[in-house]
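Taking it in order: structure first as C-alpha cells, then the write-up.
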Amino acid sequence: MEIPRQAHGAMSMVFAMLVATAAVDAQMDACGADLRAFLPSPFSSSRLHCAPVWNNFILRHWQNQDNIISIILSATYTSGWVGIGFSNDGKMVASSAMIGWIDNHGRAYIKQYYLGGQTSSGVKVDQGNLLTTDTPPAVVLYGDNIYLAFQVNFSVQLAQPNIILASSAITPNTFHLAEHDDKTTLSFDFSSGDPVSTYYPYQLKRNHGALAMFGWGILLPLGAIVARYLRHKDPLWYYLHVLLQFLGYIIGLAGVVAGTALYNWIHSNFTMHRGLGISVLALGSLQVIAFFLHPNPDSKTRKYWNRYHHWSGRLCLFLAAVNVALGIEIGGANMSWKVIYGAFISVILITVTFLEIMLWNRLAKASTPGFQMPTCSFES
C-alpha cells in the first residue's frame with residue numbers, strides 16, 4: 001500500500017518533533033531526570049530528595065542514619081566553576097565549599113575550598129571543615145548541565161544550615177578561583193527535603209550601599225565644595241549648591257530606606273553603623289528644614305543661622321564619610337568598592353587642599369592696601 005506524500009510529510013514532522021523533544025529533555029535537568037545513566041551509586045539513588053533552589057540550580061540530597069549526606073548539585077554550564085558552600089552565619093568568609101568545573105581540555109575537577117577571605121590569597125584549596133567520606137566525589141557534564149556529586153559526614157543530623165550557591169564563567173587556573181559572577185545564601189531543610197526557606201538579600205544590600213555612598217558620600221561633599229569655593233560665581237554657586245544637596249539628601253534617604261528594609265530582613269547587630277546612619281539622617285534633615293527657615297541676609301539672626309548651617313553641615317559630612325567607610329568594611333564589599341570610594345576621598349582631599357590654598361591667597365591679596373576684589377554687578 002502506497003503512503004500518500006502528504007502522510008510522509010506529516011510523519012516526518014512528527015518524528016522531527018519527537019527527536020527535538022527528546023533532545024531538549026536530554027539537555028535540560030529536572031527533578032524527574034534519571035541520573036543512573038551518568039552518575040554512579042549512591043548518587044543515582046531513587047531515594048534522593050530534589051528541589052529547584054535558585055536560578056537554574058537544582059539540589060538533590062539524601063541523609064542516612066549516620067548523618068552522612070549525599071549531595072548532587074546541578075546547574076546549566078558553559079564554562080567556569082559552580083559551587084556550594086556551608087556557612088554558620090550565612091556569610092561567605094569562614095565557610096567551606098565544594099567547587100567543581102571542567103577545564104579547557106575537558107578534564108573534570110571537584111575540590112574543597114576554605115573561604116578565609118574575599119581576596120584570592122584567603123581562598124585555600126584542599127582545605128575546609130567539610131568531612132568527606134571514602135566515596136569518591138564526581139563531576140559530570142551531561143547535556144548542558146554540570147553535576148557535582150559528593151558525600152559529607154556531619155557530627156549531628158543536619159537540619160537547616162545556611163548554604164551558599166555561586167558560579168563564575170571563568171575557569172580556575174591552577175586551582176585559583178576567579179571571583180563569582182553571582183551568588184546567593186539560603187536556608188535549606190535537609191531533614192525534610194523542603195526547598196528554600198530564606199534568601200539572603202544581596203541585591204538589597206548592594207542597593208543600600210550604592211545609594212548611601214552616592215548620596216551621603218559623594219553628592220553632599222561636592223555641594224559643600226561648591227558653596228565654599230565658588231562664591232565668586234554668584235548666583236551659579238547657590239543653585240549648584242542647592243541642587244547637589246537636595247539630590248544628595250533624596251538619594252541618601254533612599255539608601256536609609258533600603259538599609260531599614262535590610263535590617264528588618266536580616267536583623268543585623270551593627271549598632272555603630274545604624275547609630276551613625278541615624279545621626280547623618282537627622283543632621284541632613286535639619287539642614288533641609290533650615291533651608292526653608294533661613295532668615296534674610298540683613299536679619300540679626302542670620303550670622304547665628306550661618307554658623308549652625310556651616311558646622312552642622314560639616315559634622316554631617318564627617319559622620320557620613322566615616323559611616324560609608326564603615327559600611328563598606330562590615331558589609332564585606334569587594335575590593336572595587338574600597339578602591340572607588342578611596343579614590344574619590346583622595347581626589348576630594350587633594351582638590352580641597354588646592355582650592356583652600358587658592359582661597360587664602362585671594363583673601364591675602366584682598367587685604368593688601370590698594371587691591372580691590374572684583375565684584376559682580378547685575379543690571380536690569
Practice prompt. Please say whether more than 12 non-hydrogen atoms of neighbouring residues, nucleotides or ligands are located less than 6.0 Å from CZ in R302.
Written response: yes
Worksheet item: Between the side chain of D181 and the main-chain N/O of A169, is any donor-acceptor distance below 3.5 Å?
Response: yes
Discussion item. Please tell me whether S312 and Q287 have a donor and an acceptor in their side chains that are separated by less than 3.5 angstrom.
Written reply: yes
Discussion item. Would K111 and F175 count as a cation-pi pair here, with the cationic atom under 6.0 angstrom from the ring centre and within 45° of the axis?
Written reply: yes
Discussion item. Which heavy atom of F57 sits nearest to which heavy atom of G83, and what is that distance?
Written reply: CE2-O, 4.4 Å
Discussion item. Go through it in stages, so that I can follow the logic: the residues are L315 and L283, the test is side-chain contact (heavy atoms from CB on, under 4.5 Å), and I'd like the CA-CA distance, side-chain angles, deciding distance and then a yes or no.
Written reply: CA-CA 8 Å; L315 179 61; L283 289 170; 3.9 Å; yes
Worksheet item: Taking a hydrophobic cluster as the set of Ile, Leu, Val, Met, Phe, Trp and Tyr residues connected by side-chain heavy atoms closer than 4.5 Å, whether directly or through intermediates, do I225 and Y238 fall within one such cluster?
Response: yes
Worksheet item: Does S96 use its side chain to pair, donor to acceptor, with the backbone of N129 at less than 3.5 Å?
Response: yes
Item to complete: Please lay out, stage by stage, how W81 and Y109 fare under the test side-chain contact (heavy atoms from CB on, under 4.5 Å).
Response: CA-CA 10 Å; W81 57 264; Y109 293 91; over 6 Å; no
Discussion item. Show the nearest heavy-atom pair for residues P172 and L177, with the distance to one decimal.
Written reply: CG-CD2, 3.7 Å
Worksheet item: Within a radius of less than 6.0 Å around CG of D134, do more than 12 heavy atoms belonging to other residues, nucleotides or ligands occur?
Response: no
Practice prompt. Identify the two heavy atoms, one from G284 and one from Y249, that lie closest to each other, and give their separation to 0.1 Å.
Written response: C-CE1, 3.6 Å
